[in-house]
Amino acid sequence: MARAIKVLNLTYRYPDGTIGLNDVGFEVKEGETMVIIGANGTGKSTLFMNLMGILEGDGYIEILGSKLNNMNLKNIRREMGMIFQNPDDQLFCTTVMDDVSFGPINLGWGKNEVIAASQKALAMVGLEDYETRTSHHLSFGEKKRAAIATVLSMNPKILLLDEPTSGLDPRSASKFINILYTLKSQGKTLLIVTHDIFLAQEIADRVLVFSEDKHPVAVGNYKDILNNYDLLLKNNLIHEHRHRHADVVHEHEHQHGHSHKH
Amino acid sequence: MKCTDSLLERLDPRSKIISFLAIIFCMISTPITRLKDFGLYFLVILTMAFVSRIKPAQLFKRGVVLIPFVLFIAMFVPFLKEGHVLWSVKIYAWTFSVTYEGVWTFLNIVVKSSLSILLIVIASSTTTFSDFLKGLDLLRIPQLLIMLMSFMYRYIFVLLDEAKRLMRARSLRYFGHRYKEQFRVIGYMIGVLFIRTFERAERVYSAMIIRGFSGKTISVNYLKLSRLDFLFMAGTFISLICIVSGLIYKIEHSKISDTHLWHGL
């Protein structure tokens, strides 16, 4: 499988000097789903901003075989879409259709092509009848789905999703995960940022763990990573707490299975 | 008050914008002393409300929301405008005088603004905001202005929600003491709201450039001027010409003359 994303020695500092990313390096293959997990403020969203060329750090970024630079930024953005954590940032037009068609229009597609791609994207996220709806009047779950449609309409090969299930109720989260499964089955490369390890368990081929010093500390098969409790505990992805099973009160870290030793 | 499938709803927003602006322009140009003309403008507006299936009660109910603002602006004019004194009252050392010129100016502001507000009510009831913006775009109104209106409409509620959350957070920790300090707190809240808005603007702009934005917003144009639009515009313009040229008075006058002639015979 060809390489979709390659990042080498990427470091980013915010204008005030705070480190956003510290010597980040990883690779993602085409068609692969990589979930990046890390506690709050570990630089996951900053990494996405760097991959999209919004922020410019020091290091090497390669997208679909081309080095990311100002010359080919537009071409790379044609192939890679990003879905923001807060859908209100992504849905800036007055109607859902205007938002979904914004990307294809700016890509210079013809009117019929734009309409067909937008309708297809809306159908894919189950919002067929929402074309004329105002974005502000949608529920949070609907906004999240509309936000993904705004990117799907451009038919990108790579999708970056920033905290896709945060703030969603279980049913909306489940709908969203189904959309991710569909995208995965279509061969899209998915890069998902989350601190929800259950989402990682559901969808990931590989998991990349970010430590609190903004540096990737582990990458590998989701089973190996998610069963490494020491690693998860050390990187603030699970926590120890006291709890009670009948008469037994004891302390242990959260585990993914329902049963554990007392 | 959204109407369903009324004549005005089926029209292209461009024809409505052009017609309504023409009416407003004619109203503004008509001297207030020609009060009968304003009665005729009112009739034209009522006819439009009728074909939009907006009941007069609904029309006035929505209009009344805005009219107090106009009254507030205009209420001081009769006292401030210099001219022939119509009525005056003395309260202690102050003398308040209402002038003829002031009353006419007051009427000028109130009548024209109220009729314009009624037109806005009809327009907003029969056109969605996005269609209105598309109409403006097709009429070659500057893009920057349209983008500003679009963002304002999209984010005003988001900002209001954010402001409400800040107010709620404050009220949960405020127990009614040290009220003077609350002004400082409100100042902080305004500052926080500004910073959050600025940060949101940056994120929105990022979302735009990621999707290929290069300074110009384009949307799918599905609007098309039909025969009905041209008929509507023609009807509006003919009505306006009749009112402005005083043709209706002439017809009325000639009828009276004919009656006199008949009696004479």
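To find a chain, count down the sequence lines: A is the first, B the second, and so on, and within it residues start at 1.
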Side chain / backbone / both / neither for B:Tyr205 at chain A, heavy atoms under 4.5 Å: neither
Among A:Leu91, A:Thr132, A:Val151, residue most engaged with chain B (heavy-atom pairs, under 4.5 Å): A:Leu91
When A:Gly103, A:Gly108, A:Pro156, A:Gly81 are compared by non-hydrogen pairs under 4.5 Å with chain B, the top option: A:Gly103
Contact origin within B:Asp161 toward chain A - heavy atom pairs under 4.5 Å: side chain
Between B:Met208, B:Met147, B:Arg154, the one whose heavy-atom pairs under 4.5 Å with chain A are most numerous: B:Arg154
Any side-chain donor near an acceptor of the partner, B:Arg10 and B:Thr126, under 3.5 Å: no
B:Phe213 portion near chain A, given a 4.5 angstrom heavy-atom threshold: both
Per-residue contact mode, B:Phe157 against chain A (heavy atom under 4.5 angstrom): both
Proximity of A:Tyr14 and A:Tyr12 rings by center, below 6.0 Å: yes
side-chain hydrogen bond (donor to acceptor under 3.5 Å, both in side chains) partner of A:Tyr130, the single match among A:Glu142, A:His137, A:Arg145: A:Glu142
Ring centres under 6.0 angstrom apart (A:Phe84, A:Phe48): no
Sidechain-backbone polar pair: A:Lys214 side chain, A:Ile19 backbone, donor-acceptor under 3.5 Å: yes
Short side-chain to backbone donor-acceptor contact, A:Thr42 and A:Ala39, under 3.5 Å: yes
Contact origin within B:Leu133 toward chain A - heavy atom pairs under 4.5 Å: side chain
Heavy-atom contact with chain B under 4.5 Å, split by part of A:Ile83: neither
Any A:Glu30 side-chain heavy atom under 4.5 Å of A:Thr189 side chain: yes
Residue A:Lys29 excluded, over 12 heavy atoms near NZ under 6.0 Å: no
Which atoms of A:Asp88 approach chain B - backbone, side chain, both or neither, heavy atom under 4.5 Å: both
Max heavy-atom pair count under 4.5 Å with chain B, selected residue of A:Leu107, A:Asp99, A:Val114: A:Asp99
